[in-house]
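Have a look at the structure below, then the notes.
Throughout, a chain's letter reflects where its sequence line sits, starting with A, and its residues are numbered from 1. In what follows, every heavy atom counts, from backbone to side chain, and hydrogens, waters and symmetry copies are set aside.
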2 protein chains.
Amino acid sequence: MGFDKIIHEPARLRIMMVLAGVAEADFNFLLTTLELTRGNLSRHVEKLEGAGYVEIKKVFIGKIPNTSYRITKDGKGALSRYWKSIDEVRRLGQF
Amino acid sequence: MGFDKIIHEPARLRIMMVLAGVAEADFNFLLTTLELTRGNLSRHVEKLEGAGYVEIKKVFIGKIPNTSYRITKDGKGALSRYWKSIDEVRRLGQF
DNA sequence: GACTTTTGGTTTGCAACGCAAACAGATTTG
DNA sequence: CAAATCTGTTTGCGTTGCAAACCAAAAGTC
């Protein structure tokens, strides 16, 4: 009935879609491709981690901290279920 | 970028999809087909009216009050734009 | 070597929101 | 005439998304 609230939020849906198509993406890549603010990206990605949909990996590249993300198996499953539920609602009408 | 927040809420999206496929629907019809609580249906439909997406018509059928709804032209436009924006995000996946 | 700026993020504050429960007003039933 | 039903609306509250503030380290700049 309801959609997965974690994924349904537009910013997070877009994060998930990008992560689904890529082995791994770092903070700045997501920041520039999705045009979010740093604060929002941080919080959304944290929420996705809390749900077990993405993994966060922090390393140093030289002296610079670098945070990168990858989608988990759970995340992929949830994302595909999400699209299924969207399709169901869409079939309610003729659009 | 973001979706139309009025429509993006699942309950409202489903209300819109039902109304899009029907000349007009009353409160109880929506209540039973969508399985919402009365309170939630009332509030969501009020919000859709506030956005100009739905018209509300109140009449008496005999002695019983009856509230019915129909989607407006604006509402249809917004709904179809909504699905377009969903499709755009979906295409982020299979490049 | 002391500033300012930039980089890479996290935390905080707040207004808006969705949800369930309470409420209201009229009607029917026992 | 009290209780239950019907048709909705309003209220209260916990959650959330967003922007702005913050922080720490690195890199320029003078």
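Spacing between atom NZ of K57(B) and atom P of dG8(D) amounts to 13 Å, rounded to whole angstrom units. Atoms CD1 (I61(A)) and P (dA27(D)) sit 13 Å apart, rounded to a whole Å. Nucleotide dT7(C) holds its P atom 17 Å from the CG atom of L41(A), rounded to whole Å. Rounded to whole Å, atom P of dG8(C) lies 17 Å from atom CD1 of I56(A). Nucleotide dG18(C) holds its P atom 11 Å from the NE2 atom of H8(B), rounded to whole Å. In this structure, F27(A) atom CZ and dA24(D) atom P are separated by 18 Å, rounded to whole Å. Residue Y69(A) contributes atom OH, which lies 5 Å from atom P of dT10(C) at whole-angstrom precision. Regarding L34(B), its CG atom lies at a distance of 13 Å from the P atom of dC19(C), rounded to whole Å.
At the phosphate of dC6(D), neither OP1 nor OP2 sits under 4.0 Å from any side-chain N or O atom of N28(B). OP1 and OP2 of dG8(C) both lie 4.0 Å or more from every side-chain N or O belonging to K63(A).
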> What does nucleotides 10-21 of chain D look like as a protein-contact string, B for base, S for sugar-phosphate only, - for none, at under 4.0 angstrom between heavy atoms?
Replying inline: BB----SBBBB-
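When side chains are defined from C-beta on, L79(B) counts as touching M17(B), because their heavy atoms get closer than 4.5 Å.
Rounded to the nearest 0.5 Å, atoms OG1 (T67(B)) and CG (N28(B)) are 9.0 Å apart.
At a threshold of 4.0 angstrom between heavy atoms, the contacts of I64(A) are confined to the sugar-phosphate backbone, with no base atom among them.
Contact check on K5(B) versus E9(A) returns a salt bridge, with a Lys/Arg side-chain nitrogen under 4.0 Å from an Asp/Glu carboxylate oxygen. Remark: D4(A) does not engage R12(A) in a salt bridge, criterion side-chain N to carboxylate O under 4.0 Å.
For K58(B), counting side-chain heavy atoms from C-beta on, the closest listed nucleotide (dG8(D), dT7(D), dG9(C)) is dG8(D).
A donor-acceptor pair is defined here as one N or O able to donate and one able to accept, closer than 3.5 Å; no such pair exists between the side chain of R14(A) and the backbone of G2(B).
Among residues at least two apart or in separate chains, salt bridge (Lys or Arg N to Asp or Glu O under 4.0 Å) pairs with a member in residues 55-80 of chain A are E24(A)-K57(A), E24(A)-R70(A).
Below 30°, between 30° and 60°, or above 60°: for H8(A) and H8(B) the angle between ring planes is below 30°, a parallel geometry.
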